[in-house]
Number of protein chains: 2
Amino acid sequence: MTHEVVSELNLTSLLSLSFSSSINELHERLSELGFGDIRPVHGYMLKCITLNGATGIELAEFLGITKQAVSKMVDYLEKSGYVMRDNHPTDKRGKMIILTERGWLAVRAKEKILHEIEERWIKNIGAERLQMLKEDLTKLVIEANEGKLPTTVRPVW
Amino acid sequence: MTHEVVSELNLTSLLSLSFSSSINELHERLSELGFGDIRPVHGYMLKCITLNGATGIELAEFLGITKQAVSKMVDYLEKSGYVMRDNHPTDKRGKMIILTERGWLAVRAKEKILHEIEERWIKNIGAERLQMLKEDLTKLVIEANEGKLPTTVRPVW
DNA sequence: AAGAAATAGTCAATCAAGTTGACTATAATA
DNA sequence: TATTATAGTCAACTTGATTGACTATTTCTT
């Protein structure tokens, strides 16, 4: 087994750098496609609004932020044309946040780019190593979160 | 080769989650040791202030933020007793930011905790897998940054 | 050596993304 | 039915960043 030169960086720094590399590449490419007004924070929100839409409370729980913060983000994304507020079908207090056509375009573009990034990693380190990498990271995330994947899918500092 | 169940998370999400797991654990444990006033942003700065101290400009470049932002962070860390501003030995405009005794205690505690986290990962996935994981992440970070490790060691969104 | 340009740092104002607290309207429960 | 809980918004504040303006030095160009 040959061991190539590996930097002196600790694992946490490596994770930080590789995460920010990925997220930066994603948003640079989204920007080139005309989705420059979506910032990383918004990406996580769009991801959570599925076919049926989502309520503000659901988004807040998913993102791990307050409903007030969600409300402001929705203001921004609505103004930018990515989402719309619709009446909740059964609860007159509530609102459904749904993707607009442009919102769907952005989500699909994001998925495509992430897929391409992953494909490039496969070219780079091979499918087996990528698979191992994902397995190991999954294990470690689960271990750090009392045996289950966290429900909040956003970096929480 | 057996492939265990792996979540449907994409790589970028996994990196995000594993990074925030690590950084959260680090700061929870720092907090228990009485370093609760150090937030993740500050950790990166302390790391950069080595034996000889550093100038504000050096810190700004290292962290990828403006010198004004550094100045404010130094205000905070000075007030909290982790660093001190000293005269620059040759440049009367400049100041050297140096660690106080408490600053060194925090840095050493941080290194110890990161080391322990890494040890636990070795127990969890084995030394070989951890080595591979680090090699792969290093490769990918280098590939994403025009062939070299980035000089900025902080997540940039 | 003198004058011009660059640099290190700070101050002030602003922005972005979050927070807490107060409020309205509706829904659920006792 | 009266009370309590919930969904969402508004307003004020906090934190960590930004840009722009300024001072004091240093370095570069004649």
Side-chain angles (χ1 to χ4, degrees), chain A residues 16 20 23-24 27 36-46 48-49 52-80 82-98 152-157, chain B residues 16 20 23-24 27 36-46 48-49 52-80 82-98 152-157:
Chain A
S16 165
S20 62
I23 206 90
N24 286 341
H27 283 271
D37 44 4
I38 298 180
R39 286 189 283 276
V41 248
H42 306 131
Y44 286 96
M45 172 173 269
L46 293 184
C48 175
I49 307 172
N52 305 314
T55 67
I57 298 283
E58 281 164 2
L59 291 175
E61 270 160 22
F62 183 81
L63 296 173
I65 58 177
T66 59
K67 57 183 182 169
Q68 293 93 324
V70 166
S71 191
K72 283 202 249 178
M73 273 175 62
V74 171
D75 286 346
Y76 176 85
L77 289 173
E78 192 168 42
K79 202 182 63 191
S80 313
Y82 292 100
V83 305
M84 275 171 41
R85 279 182 243 238
D86 203 357
N87 291 326
H88 191 283
T90 60
D91 188 335
K92 280 183 190 158
R93 292 168 305 178
K95 297 188 185 161
M96 294 305 292
I97 293 133
I98 58 174
T152 293
V153 191
R154 205 189 60 106
V156 182
W157 292 18
Chain B
S16 165
S20 61
I23 206 89
N24 286 340
H27 282 272
D37 44 5
I38 297 180
R39 287 188 282 275
V41 249
H42 306 130
Y44 286 96
M45 172 173 270
L46 294 183
C48 174
I49 306 172
N52 306 314
T55 67
I57 298 284
E58 281 165 2
L59 292 175
E61 270 161 21
F62 184 80
L63 297 172
I65 58 178
T66 60
K67 56 183 181 168
Q68 293 93 323
V70 166
S71 191
K72 283 203 249 179
M73 273 175 63
V74 171
D75 285 347
Y76 176 85
L77 289 174
E78 192 168 41
K79 202 181 62 190
S80 313
Y82 292 101
V83 305
M84 278 170 38
R85 279 182 243 239
D86 202 357
N87 290 327
H88 192 283
T90 59
D91 188 335
K92 279 183 190 158
R93 292 169 307 180
K95 298 188 184 161
M96 295 304 293
I97 294 134
I98 57 174
T152 293
V153 191
R154 206 191 59 107
V156 183
W157 290 22

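The chains referred to below are lettered A, B, ... by the order of the sequence lines, with proteins before strands, and numbering in each begins at 1. All of these numbers come straight from a predicted model, not from anything done at the bench.
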Nearest 0.5 angstrom please: [X] [atom1] to [Y] [atom2], how far?
| X | Y | atom1 | atom2 | result |
| --- | --- | --- | --- | --- |
| B/M84 | B/I49 | CE | CD1 | 11.5 Å |
| B/H27 | B/S20 | NE2 | OG | 12.0 Å |
| B/D86 | B/M96 | CG | CE | 8.5 Å |
| B/K95 | B/H88 | NZ | NE2 | 12.5 Å |
| A/L63 | A/T66 | CG | OG1 | 10.5 Å |
| A/F62 | A/Y44 | CZ | OH | 9.5 Å |

Checklist entry - Between D/dT18, C/dG18, D/dT9, which nucleotide has the shortest distance from any of its atoms to the side chain of A/R85? => result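 Of D/dT18, C/dG18, D/dT9, D/dT9 is nearest to the side chain of A/R85.
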In whole angstrom, what separates [X]'s [atom1] from [N]'s [atom2]?
| X | N | atom1 | atom2 | value |
| --- | --- | --- | --- | --- |
| B/I38 | D/dT15 | CD1 | P | 17 Å |
| A/Y76 | D/dT9 | OH | P | 18 Å |
| B/D75 | D/dA17 | CG | P | 13 Å |
| B/E58 | C/dT7 | CD | C1' | 13 Å |
| A/N87 | C/dA25 | CG | C1' | 13 Å |
| A/L59 | C/dA17 | CG | P | 16 Å |
| A/L63 | C/dT19 | CG | C1' | 15 Å |
| A/I65 | D/dT14 | CD1 | C1' | 16 Å |

Please report the shortest heavy-atom distance between [X] and [Y], naming the atom on each side.
| X | Y | value |
| --- | --- | --- |
| A/G43 | A/I38 | N-CG2, 4.0 Å |
| B/A54 | B/C48 | CB-O, 4.3 Å |
| A/M73 | A/V41 | CE-O, 3.6 Å |

Checklist entry - Could you go step by step and tell me if A/L59 and A/I65 meet the side-chain contact (heavy atoms from CB on, under 4.5 Å) rule? => result CA-CA 8 Å; A/L59 291 175; A/I65 58 177; over 6 Å; no
Next on the checklist: Both A/H42 and B/H88 contact DNA chain C. Taking the nearest nucleotide for each, which residue is further toward the 5' end?
Outcome noted: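 Counting from the 5' end, the first nearest nucleotide belongs to B/H88.
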Checklist entry - If you look at every strand shown and take non-hydrogen atoms under 4.0 Å, does B/S71 touch a base, only sugar-phosphate, or nothing? => result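 Counting heavy atoms under 4.0 Å across all strands, the contact made by B/S71 is with sugar-phosphate only.
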Item to check | Audit row: B/L46, B/V83, side-chain contact (heavy atoms from CB on, under 4.5 Å) steps and yes/no | outcome: CA-CA 8 Å; B/L46 294 183; B/V83 305; 3.9 Å; yes
Item to check | Worked check of side-chain contact (heavy atoms from CB on, under 4.5 Å) between A/V74 and A/M45 | outcome: CA-CA 9 Å; A/V74 171; A/M45 172 173 269; 4.0 Å; yes
Item to check | A/T66 side chain near C/dT19 phosphate (N/O to OP1/OP2, under 4.0 Å) | outcome: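 So the side-chain polar atoms of A/T66 do come within 4.0 Å of the phosphate oxygens OP1 or OP2 of C/dT19, strictly under.
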Between the protein and nucleotides 13-16 of chain C, list the N/O to N/O atom pairs that are separated by less than 3.5 angstrom.
none

Distances under 3.5 Å only, N/O to N/O: pair up the protein atoms with those of nucleotides 22-24 of chain C.
none

Anything under 3.5 Å between a protein N or O and an N or O of nucleotides 26-30 of chain C, put it in a table, one pair a line.
unit_1	atom_1	unit_2	atom_2	d
C/dT26	O2	A/R93	NH1	3.4
C/dA27	OP1	A/K92	N	2.8

